[in-house]
Amino acid sequence: MATIDFPSELNKAQQTAFTRSFVEGFISSQPASGPSFHIVETEDKPAVFNVEFVFSLAEAIQFKSWLEQSGDVLYGELFNIVVYGEGQALNQEARFSQEGTPQLVSVGAGFKVYRATIECPNYIEDGIGNEDALLVGFW
């Protein structure tokens with residue numbers, strides 16, 4: 001695990017809205033003649049999350065302070081954060097993507113909203129390896 005931790009008291013307020021996607025590890029080729037083919041580039045495919053953090057004003061100050069104290073997290077340094085997936089919430093190693101560092105997108109009466117993109121290079125999903133057992137429960 002990474003040496004930098006996301007503040008545990010802020011984990012409860014994270015990810016009010018998020019999308020998850022997996023980076024494709026291959027390229028497809030469509031030649032002028034013959035069948036198309038795929039070239040595998042990598043099997044190390046990170047999960048990418050677009051997240052919004054909704055903080056109270058005090059939590060927003062703490063979040064900004066954490067970003068400043070852990071300055072390397074804005075430059076791709078890994079940190080530990082609880083990520084909500086399809087199973088249970090699990091602690092993951094993550095980094096802010098180059099285009100997705102936290103940005104203040106909304107200010108309301110008593111709250112602030114930050115939007116960011118995080119990458120989990122070794123994403124652990126609850127239930128992976130037990131797909132057969134999970135599928136049996138639906139039949």
Side-chain angles (χ1 to χ4, degrees):
M1 292 304 275
T3 57
I4 301 171
D5 291 321
F6 192 81
S8 60
E9 54 276 3
L10 297 182
N11 276 335
K12 64 179 176 45
Q14 71 169 332
Q15 296 179 206
T16 57
F18 76 93
T19 59
R20 180 188 68 197
S21 60
F22 291 98
V23 174
E24 296 299 332
F26 65 90
I27 19 178
S28 295
S29 177
Q30 301 289 336
S33 64
S36 64
F37 59 92
H38 307 292
I39 300 170
V40 176
E41 286 189 316
T42 181
E43 293 183 8
D44 181 21
K45 302 177 290 189
V48 179
F49 293 86
N50 295 314
V51 297
E52 285 185 351
F53 302 100
V54 178
F55 297 126
S56 69
L57 299 178
E59 289 172 334
I61 292 170
Q62 184 179 2
F63 178 65
K64 288 296 287 182
S65 175
W66 175 75
L67 287 174
E68 291 170 6
Q69 289 176 356
S70 309
D72 289 341
V73 299
L74 294 175
Y75 302 108
E77 183 71 27
L78 288 170
F79 59 93
N80 302 316
I81 187 170
V82 174
V83 175
Y84 300 94
E86 294 174 21
Q88 64 182 357
L90 296 173
N91 202 18
Q92 308 277 348
E93 272 189 332
R95 70 170 58 93
F96 292 116
S97 71
Q98 188 173 6
E99 302 85 22
T101 55
Q103 302 294 324
L104 180 63
V105 295
S106 179
V107 177
F111 69 92
K112 291 186 178 183
V113 179
Y114 289 85
R115 190 170 294 144
T117 302
I118 59 172
E119 298 175 349
C120 297
N122 301 309
Y123 180 65
I124 304 165
E125 181 67 77
D126 183 34
I128 295 296
N130 299 319
E131 291 84 1
D132 292 340
L134 293 172
L135 287 174
V136 168
F138 291 108
W139 298 105

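One-based numbering along the sequence shown.
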Applying the 4.5 Å side-chain criterion to the ILVMFWY set and letting contacts propagate, would [X] and [Y] be lumped into a single cluster?
X     : Y      : answer
Ile61 : Val105 : no
Val51 : Leu104 : yes
Leu90 : Leu78  : no

| Mutual orientation of the aromatic rings belonging to Phe63 and Phe53 [parallel < 30°, tilted 30-60°, perpendicular > 60°] |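 The arrangement is tilted - the two ring planes meet at 30° to 60°.
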To the nearest 0.5 Å, atom CH2 of Trp66 lies from atom NZ of Lys64 at 11.5 Å
Report the distance from atom OG1 of Thr3 to atom CD of Glu93, rounding to the nearest 0.5 Å.
->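 Answer for the OG1-CD pair, Thr3 versus Glu93, is 9.0 Å.
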Answer yes or no: is there a donor N or O on one side and an acceptor on the other, between the side chain of Ser56 and the main chain of Glu59, under 3.5 Å?
-> yes
Could I get the full list of side chain to side chain donor-acceptor pair (under 3.5 Å) partners for [X], not counting sequence neighbours?
X     : value
Asp5  : Asn80
Gln62 : Glu9
Glu68 : none

Do [X] and [Y] have side chains that approach each other closer than 4.5 Å (heavy atoms only, starting at C-beta)?
X      : Y     : answer
Val82  : Phe6  : no
Glu77  : Ile4  : yes
Pro102 : Leu67 : yes

Review point. Side chain to side chain contact (heavy atoms under 4.5 Å, CB included) between Phe49 and Cys120: does it pass, once the steps are laid out?
Key: CA-CA 8 Å; Phe49 293 86; Cys120 297; 4.0 Å; yes
Before you tell me yes or no, could you show the steps for Phe79 and Phe96 under side chain to side chain contact (heavy atoms under 4.5 Å, CB included), namely the whole-Å CA-CA distance, both residues' side-chain angles and the distance that decides it to 0.1 Å?
CA-CA 9 Å; Phe79 59 93; Phe96 292 116; 3.7 Å; yes
For residues 108-117, which side-chain donor-acceptor pairs fall under 3.5 Å, sequence neighbours excluded?
| from | atom 1 | to | atom 2 | distance (Å) |
| --- | --- | --- | --- | --- |
| Arg115 | NE | Glu52 | OE2 | 3.1 |
| Arg115 | NH2 | Glu52 | OE2 | 2.6 |
| Thr117 | OG1 | Asn50 | OD1 | 2.9 |

